[in-house]
Amino acid sequence: MGSLMKEYAAFEEKVKRTIFIDSLSPAATEAVVRASLDQFGNVIQVKFIPNYLEPKNVGLSALVELENADQAKTIISEISSSSFMICGMPRPVRARAAEAEMFDDRPIKPGRKIVCRWLDSSDPDVEVAKKMKHLVSKHAEEAKFCLKHQLEEEENLAKKQTEILNATYKKYELIDSVVGNRVAERLAERYRVHVAKAEQQ
């Protein structure tokens, strides 16, 4: 029992220094996540959470273990207070403290006992089980609807960002052509306006 307690205590410490991030681009890799978060703390491990049920274009989720709990809190604060982008996802990533249930390799909690059994129709727990089954189905449908809405929002955000980027590029292209063709200088001479010339390097 003593070794189990020590193992679980070490796991709890690991949970405290681990953060859960989601809305990651499907193109994000461990190296990309490390490079993005290393500026806030020392990343020990990045573990992506597999999603076997949702479409491939859905944002990824990952558990990121830091060197200590303070670094984990710093990253959560930084990501929460700014539009932190990783790998060009139109929606900023989200971060929060990890929970023990998120780890598929978590050790058995000392003293915990799980019992599985079939319920007879006369069992008083049958009604509770039916309600739980209905509730789980309801939550699954709600999650599916929210996910669809989120994907539509991300597509709209991506289109808007592309339009803004293209418009900004055209403005800079126009400015560059005006300066390059000496149009600005000729206009300045025509209207007798002093224009500071850029230094030649």
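Predicted model, so just to flag it, every value in this text is computed and none were measured. In what follows, every heavy atom counts, from backbone to side chain, and hydrogens, waters and symmetry copies are set aside.
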Item to check | Whichever hydrophobic residues join Tyr169 through chains of side-chain contacts under 4.5 Å | outcome: none
Item to check | Connected hydrophobic set around Ile44, excluding itself, where side chains approach under 4.5 Å | outcome: none
Where [X] and [Y] come nearest, the two heavy atoms and their spacing:
X     : Y     : value
Ala95 : Ser80 : O-OG, 4.2 Å
Asp22 : Ser61 : CB-OG, 3.3 Å
Ala97 : Ile76 : N-CD1, 3.4 Å
Arg17 : Asn68 : CB-C, 3.5 Å
Gln39 : Ser36 : NE2-O, 2.8 Å
Ile75 : Ile19 : CG2-CD1, 3.5 Å

Separation between [atom1] of [X] and [atom2] of [Y], rounded to the nearest 0.5 Å:
X      : Y      : atom1 : atom2 : answer
Glu152 : His149 : CD    : NE2   : 7.5 Å
Leu24  : Arg94  : CG    : CZ    : 10.5 Å
Lys159 : Glu163 : NZ    : CD    : 9.0 Å
Ser121 : Glu127 : OG    : CD    : 10.5 Å
Gln71  : Thr74  : CD    : OG1   : 7.5 Å
Thr18  : Leu66  : OG1   : CG    : 7.5 Å

Co-membership, hydrophobic cluster, residues [X] and [Y], 4.5 Å side-chain:
X      : Y     : answer
Ile21  : Ile49 : no
Val32  : Phe40 : yes
Val43  : Leu63 : no
Phe48  : Val93 : yes
Phe103 : Phe20 : yes

Item to check | Residue list, salt bridge (Lys or Arg N to Asp or Glu O under 4.0 Å) with Glu99, at least two apart or on another chain | outcome: Arg96
Checklist entry - Can you find a heavy atom in the side chain of Leu4 that is under 4.5 Å from one in the side chain of Ile108? => result no
Item to check | Counterpart residues, side-chain contact (heavy atoms from CB on, under 4.5 Å), relative to Lys73 (two or more places apart) | outcome: none
Mark yes or no for whether [X], through its side chain, and [Y], through its backbone, hold a donor-acceptor pair below 3.5 Å.
X      : Y      : value
Glu65  : Lys14  : no
Asn166 : Thr162 : yes
Arg112 : Lys109 : no

Item to check | Qualifying residues under side-chain hydrogen bond (donor to acceptor under 3.5 Å, both in side chains), relative to Ser122, sequence neighbours excluded | outcome: Asp120
Checklist outcome for this item: Sorted by chain and number, sequence neighbours left out, side-chain hydrogen bond (donor to acceptor under 3.5 Å, both in side chains) with Asp70 holds for none
Checklist entry - Near Met102 CE, under 6.0 Å, is it more than 12 heavy atoms from other residues, nucleotides or ligands? => result yes
Next on the checklist: Atom NE2 of residue position His139 - does it have more than 12 heavy atoms of other residues, nucleotides or ligands inside 6.0 Å?
Outcome noted: yes
Item to check | Salt-bridge present (Glu13, Lys16; N to O < 4.0 Å) | outcome: yes
Checklist entry - What orientation do Tyr8 and Phe11 show, parallel under 30°, tilted 30 to 60°, or perpendicular over 60°? => result tilted
